[in-house]
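In this text the structure is predicted, and so the values were computed from the model without any measurement.
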Amino acid sequence: MVRILRVGDRGVEVAQLQMLLNKKLQLIPKIKEDGVFGKNTDRFVKRFQAIHNLGIDGIVGPKTWAMLKDEVRLVPTPSNPVIVTASIPWMRYARDEVNQKEIKGILHNPRIVAYHATTTLKASNDETAWCSSFVNWCLKQAGIKGTDSASAISWLKWGESSSAKSGAIVVIYNKKAINSNLTVSGNHVGFLIQEAITHFHVLGGNQGDQVKISRYSKTSWALKGYRWPNP
């Protein structure tokens, strides 16, 4: 049985908590792993809970422990299907980011900030449009250089033209989406899962303020191009 921890607690379990927070949040500088549950540890527990939608109470109970220890796994559902293109290197990384989401309020998801860090914009918040940052980050993890740009349209000059195959980088455009929560320019970029007769199925970032698979109707969204890394 796990020990429930809160501000004021001390001991080896608190030190383990601090170690896991350092690892999961990739903190720089790191929390001191001194076994004392103080204000700083409380602050990062709440950040971790916010990122994973655990309820922000600062109390480390069974659910928070399970997420920290990787005992929780993403379960495929009709809205979050198994990605059959996981054999493509960058898609493995994209798949593992599903459910990363923006944090409402003054906090920012550090993972999304890390996506931004792969672009020249280097935005420091999770509110700046981040679809292109997400694509850049996934490619970088796979050892492939992206556009280094936070602009979705930048991908049309990257790599080589591609057919509508799973894993291709897809750029789509919707005039009515200009200055929306999804895109400032009306352009959006992500990874194609499937092009159907009526929709594009796209795995991407900043889709409903999170990483997920979304369906984009062809009645609203026009294809600008598919791209693939140069051989």
Check your understanding: When L139 is tested against each of W158, Y93, F134 for side-chain contact (heavy atoms from CB on, under 4.5 Å), which residue passes?
Key -> W158
Check your understanding: Stepwise, does the side chain to side chain donor-acceptor pair (under 3.5 Å) test hold for S166 with Q194?
Key -> CA-CA 6 Å; S166 295; Q194 179 186 23; over 6 Å; no
Exercise for review: Please lay out, stage by stage, how N125 and T128 fare under the test side chain to side chain donor-acceptor pair (under 3.5 Å).
Suggested key: CA-CA 6 Å; N125 61 70; T128 299; 3.0 Å; yes
Practice item. Begin with the C-alpha distance, continue with both residues' side-chain angles, and end with the deciding distance and a verdict on side-chain contact (heavy atoms from CB on, under 4.5 Å) for T41 and V7. Key: CA-CA 8 Å; T41 300; V7 171; over 6 Å; no
Review point. Name the one of N136, T120, I169 that satisfies side-chain contact (heavy atoms from CB on, under 4.5 Å) with T147?
Key: N136
Review point. Are the charged groups of K46 and D42 less than 4.0 angstrom apart, N to O?
Key: yes
Review point. Taking the side chain as C-beta and beyond, is there a heavy-atom pair between V202 and S214 under 4.5 Å?
Key: no
Check your understanding: Should V189 and W228 be counted in the same cluster of Ile, Leu, Val, Met, Phe, Trp and Tyr side chains packed under 4.5 Å apart?
Key -> yes
Check your understanding: Will you find, in the side chains of E97 and W137, an N or O donor that is under 3.5 Å from an N or O acceptor?
Key -> no
Exercise for review: State whether the side chain of N109 and the backbone N or O of I103 hold a donor-acceptor pair below 3.5 Å, judged by distance alone.
Suggested key: no
Point to revise | side chain to side chain donor-acceptor pair (under 3.5 Å) assessment of S151 paired with S149 | key: CA-CA 5 Å; S151 171; S149 172; 4.5 Å; no
Check your understanding: Can you name the closest pair of heavy atoms from K224 and N187 and give their distance?
Key -> NZ-OD1, 3.2 Å
Point to revise | Ring centroid separation H188 to Y173 under 6.0 Å | key: no
Study note, to complete from the structure: Test side-chain hydrogen bond (donor to acceptor under 3.5 Å, both in side chains), reference Y226, set K165, E195, E160, output is E195
Check your understanding: If you take all heavy atoms of A152 and V171, which pair is closest and at what distance?
Key -> O-CG2, 3.9 Å
Check your understanding: Sub-3.5 Å donor-acceptor pair from the side chain of K23 to the main-chain atoms of Q18, do we have one?
Key -> no
Point to revise | Minimum heavy-atom distance K122-T119, with the two atoms named | key: CG-O, 3.0 Å
Review point. Linking I/L/V/M/F/W/Y whenever their side-chain heavy atoms sit closer than 4.5 Å, directly or via other members, would I31 and L68 fall into one cluster?
Key: yes
Practice item. Would you verify whether the NZ or CZ of K157 falls within 45 degrees of the ring axis of W155 while also being under 6.0 Å from that six-membered ring's centre? Key: no
Exercise for review: Specify the closest pair of heavy atoms between L17 and V60, including all atoms of both residues, with the distance to one decimal.
Suggested key: CD2-CG2, 3.8 Å
Review point. Transitively linked via ILVMFWY side-chain contacts under 4.5 Å: M67 with L5?
Key: yes
Review point. Is the closest side-chain heavy-atom distance between I4 and R6 below 4.5 Å?
Key: yes
Review point. Where do E102 and I112 come nearest, in terms of heavy atoms and distance?
Key: N-CD1, 3.8 Å
**Study point:** pair H108-E127: side-chain heavy atoms closer than 4.5 Å
**Key:** yes
Review point. For atom CD of Q26, is the number of surrounding heavy atoms from other residues, nucleotides or ligands below 6.0 Å larger than 12?
Key: no
Practice item. Evaluate the side-chain contact (heavy atoms from CB on, under 4.5 Å) criterion for residues F37 and R10: first the C-alpha distance (whole Å), next the side-chain angles of each, then the deciding distance (0.1 Å), finally the verdict. Key: CA-CA 6 Å; F37 199 137; R10 296 170 177 261; over 6 Å; no
Check your understanding: Given the rule in the side-chain contact (heavy atoms from CB on, under 4.5 Å) test, do V211 and K101 qualify, once you have shown the distances and angles that lead to the verdict?
Key -> CA-CA 6 Å; V211 178; K101 61 183 66 176; over 6 Å; no
Check your understanding: Can you name the nearest heavy-atom pair linking L203 to R95, along with the distance?
Key -> CD2-N, 4.1 Å
Practice item. For Q49 and D57, indicate whether the former's side chain and the latter's backbone hold a donor-acceptor pair under 3.5 Å. Key: yes
Review point. Is there side-chain contact between W65 and L20, with heavy atoms separated by less than 4.5 Å?
Key: yes
Practice item. Would you kindly confirm whether V135 and I88 end up in one hydrophobic cluster when ILVMFWY residues are joined by side chain heavy atoms under 4.5 Å apart? Key: yes
Review point. In the single-linkage hydrophobic clustering (I, L, V, M, F, W, Y; side-chain heavy atoms under 4.5 Å), do L156 and W90 co-cluster?
Key: yes
Check your understanding: Is the NZ atom of K30 crowded by more than 12 outside heavy atoms at less than 6.0 Å?
Key -> no
Review point. Under 4.5 Å between any side-chain heavy atoms of K212 and N99, yes or no?
Key: no
Point to revise | side-chain contact (heavy atoms from CB on, under 4.5 Å) assessment of Y216 paired with H199 | key: CA-CA 5 Å; Y216 293 93; H199 290 79; 5.9 Å; no
